[in-house]
J.: 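Have a look at the structure that comes next, please.
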Amino acid sequence: MLAPAVASAAAGRPPARALARALATSMGSPRSVSSGWAMAVHVYVSEGRDKQLVSRFSAAGVSGGAVLANEFMDAAYHRSGITLAAASAGPLEAGVLAVASEALSALDLQSHSATHPRVGVVDHVACNPLGSATRADAGALAARLGQLLGAGAAEVPAAGVAGPSPARPPLPVYLYGAARADERPLAELRRALGYFGGAARGEWTGLSSKMARAMAELPPDHGPATPSARSGAAVVGAVPWVFNYNLLLSAASAGGVGDDGELMRRARRVARAVSARGGGLAAVESMALPHERGVEVACNLLDVATTSPAEVRALVEALSKPEGLAIDSDYFTNKHPEDVLALVLTGSEKVA
């Protein structure tokens with residue numbers, strides 16, 4: 001059963017077993033669409049409950065010619081991921097700036113409370129190469145987007161739409177991955193920004209004082225040195241495709257495990273033990289976050305050829321049992337990259 005973020009988002013949650021089978025197939029033999037230059041950009045915004053508003057952001061994203069490859073909303077995390085894809089960088093640049101303009105005009109971080117960390121209204125922009133595109137290609141696009149988001153704009157021309165899109169205030173922008181010469185890892189950057197500061201409570205409201213202090217101590221790559229309370233900052237980078245795989249844990253027995261705090265403490269132990277940083281599985285990052293009906297172990301799978309989703313699930317299951325927990329459900333928040341590539345090159349996600 002899928003954990004319902006919002007009813008309309010279920011289609012955006014690829015079932016874990018179906019996508020895991022697709023992953024196994026693609027790792028075992030080439031899929032039919034593997035060539036051709038394309039890029040995907042994931043734009044994560046701090047709004048996950050207003051479907052009409054998120055749809056407006058997505059519509060802005062495709063106004064310059066990009067394809068909407070995925071739209072994923074999560075009510076508990078109060079966060080949405082909008083995936084744009086195209087066979088050239090121009091439509092993606094226009095699309096990301098249009099999404100940012102709409103989001104920065106409509107949203108206020110000061111009134112935003114969620115169970116997922118974030119650094120700003122436009123929290124994260126991730127560029128991923130597809131097909132014959134390279135990490136350098138993705139890095140160049142990310143670096144350009146970071147520069148433009150840092151500069152802001154009084155008016156942003158909206159391709160194919162009458163009149164300009166809303167003004168875009170400048171943001172402190174922190175680059176990672178191939179967007180920087182030192183290829184700073186995203187997780188390292190987030191720790192430096194105090195991103196995980198509310199992890200024990202599993203609650204984030206506005207821009208915390210700890211995060212604001214961390215940003216003051218770490219100069220951004222672009223934009224103003226100090227984030228505004230309304231907009232916050234943004235992290236922008238380029239890496240190979242990352243699979244976001246979430247597993248919802250709940251009490252294994254009807255008697256439960258005590259209060260929500262105890263459930264969170266147990267799930268955090270599981271999440272830490274699964275991660276590479278905690279001595280667990282290679283190329284896996286994870287953290288425990290409160291969600292509907294339990295606590296999710298939210299995982300970033302950095303290289304599914306190194307550690308597969310099936311291995312992650314098996315270890316989470318094994319670690320959960322002595323904690324009195326069980327896996328309620330699991331899901332991916334995005335599609336297979338080959339399906340996104342096929343959508344760009346052929347107009348269809350169906351890949352043999």
Side-chain angles (χ1 to χ4, degrees), residues 39-48 50 52-73 78-86 89-112 114 118-128 138 140-161 163-177 179 186 189 193 207 215 220-224 226-238:
M39 195 93 69
V41 182
H42 313 285
V43 186
Y44 296 93
V45 297
S46 296
E47 172 57 60
D50 188 329
Q52 185 175 3
L53 191 55
V54 173
S55 294
R56 194 176 94 198
F57 299 161
S58 296
V62 301
S63 63
V67 173
L68 179 62
N70 197 53
E71 180 188 284
F72 179 83
M73 296 178 63
H78 207 351
R79 176 181 182 84
S80 293
I82 297 167
T83 302
L84 306 176
L92 293 171
E93 180 182 309
V96 171
L97 295 180
V99 171
S101 297
E102 292 288 344
L104 289 165
S105 173
L107 305 178
D108 187 341
L109 195 64
Q110 296 171 102
S111 60
H112 183 266
R118 68 285 181 279
V119 300
V121 164
V122 182
D123 174 56
H124 182 196
V125 178
C127 301
N128 301 147
L141 175 60
R144 170 73 173 162
L145 288 170
Q147 182 181 28
L148 292 170
L149 290 171
E155 285 188 345
V156 183
V161 179
S165 59
R168 191 181 68 249
L171 300 174
V173 174
Y174 296 88
L175 301 177
Y176 73 89
L186 175 60
L189 170 60
L193 293 175
L207 189 66
M215 290 180 183
D221 294 277
H222 298 290
T226 303
S228 76
R230 176 183 173 88
S231 302
V235 297
V236 180

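What you are looking at is a predicted structure, and each value in this text was computed from that prediction instead of being measured.
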J.: Please determine whether side-chain contact (heavy atoms from CB on, under 4.5 Å) holds for the pair Leu84 and Val67, giving the CA-CA distance in whole Å, both sets of side-chain angles, and the decisive distance to 0.1 Å.
T.: CA-CA 6 Å; Leu84 306 176; Val67 173; over 6 Å; no

J.: How far does CZ of Arg56 sit from CD of Glu47, to the nearest 0.5 angstrom?
T.: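 With rounding to 0.5 Å, CZ (Arg56) is 10.5 Å from CD (Glu47).
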
J.: Rounded to the nearest 0.5 Å, how far does OG of Ser80 lie from NE2 of His42?
T.: 14.5 Å

J.: Which heavy atom of Ser46 sits nearest a heavy atom of Gly120, and at what distance?
T.: OG-O, 2.8 Å

J.: Using 0.5 Å steps for rounding, measure from the CD atom of Glu71 to the CZ atom of Phe57.
T.: 10.5 Å

J.: Give the minimum heavy-atom separation between Ala142 and Val236, together with the two atoms involved.
T.: O-CG1, 3.4 Å

J.: Ignoring hydrogens and angles, tell me if any N or O in the side chain of His112 forms a donor-acceptor pair with the backbone of Leu107 under 3.5 Å.
T.: no

J.: With rounding to the nearest 0.5 Å, note down the distance linking CG in Leu149 to CZ in Arg168.
T.: 5.5 Å

J.: State, with a plain yes or no, whether a side-chain heavy atom of Pro220 is found less than 4.5 Å away from one of Val173.
T.: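 Counting from C-beta outward, Pro220 and Val173 never come under 4.5 Å.
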
J.: With side-chain contact (heavy atoms from CB on, under 4.5 Å) as the test, would you mind laying out the steps for Val125 and Val99 before giving the verdict?
T.: CA-CA 11 Å; Val125 178; Val99 171; over 6 Å; no

J.: Taking all non-hydrogen atoms of both residues, which atom of Val121 and which atom of Leu109 are closest, and how far apart?
T.: CG2-N, 3.9 Å

J.: Do Leu171 and Leu104 have side chains that approach each other closer than 4.5 Å (heavy atoms only, starting at C-beta)?
T.: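 The answer is yes, as the side chains (C-beta and beyond) meet within the 4.5 Å cut-off.
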
J.: Enter the distance from Leu92:CG to Leu97:CG here, rounded to the nearest 0.5 Å.
T.: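 CG of Leu97 is found 10.5 Å from CG of Leu92.
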
J.: Without swapping roles, check the side chain of Ser58 against the backbone of Val54 for a donor-acceptor pair under 3.5 Å.
T.: yes

J.: Can you name the closest pair of heavy atoms from Ala85 and Ala69 and give their distance?
T.: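 Between these two residues, the closest heavy atoms are CB-CB, 4.4 Å.
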
J.: Please work out whether the ring planes of His124 and Tyr44 are parallel, tilted or perpendicular, with thresholds of 30° and 60°.
T.: parallel

J.: Please determine whether side-chain contact (heavy atoms from CB on, under 4.5 Å) holds for the pair Thr226 and Met215, giving the CA-CA distance in whole Å, both sets of side-chain angles, and the decisive distance to 0.1 Å.
T.: CA-CA 7 Å; Thr226 303; Met215 290 180 183; over 6 Å; no

J.: When rounded to the nearest 0.5 angstrom, what is the spacing between CZ in Arg79 and CZ in Arg118?
T.: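 Rounded to the nearest 0.5 Å, the CZ-CZ separation comes to 9.5 Å.
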
J.: State, to 0.1 Å, how close Gly146 and Leu175 come at their nearest heavy-atom pair, and which atoms those are.
T.: CA-CD2, 4.1 Å

J.: Give the minimum heavy-atom separation between Ala154 and Ala167, together with the two atoms involved.
T.: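 Shortest heavy-atom separation between Ala154 and Ala167 comes out as O-CB, 2.9 Å.
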
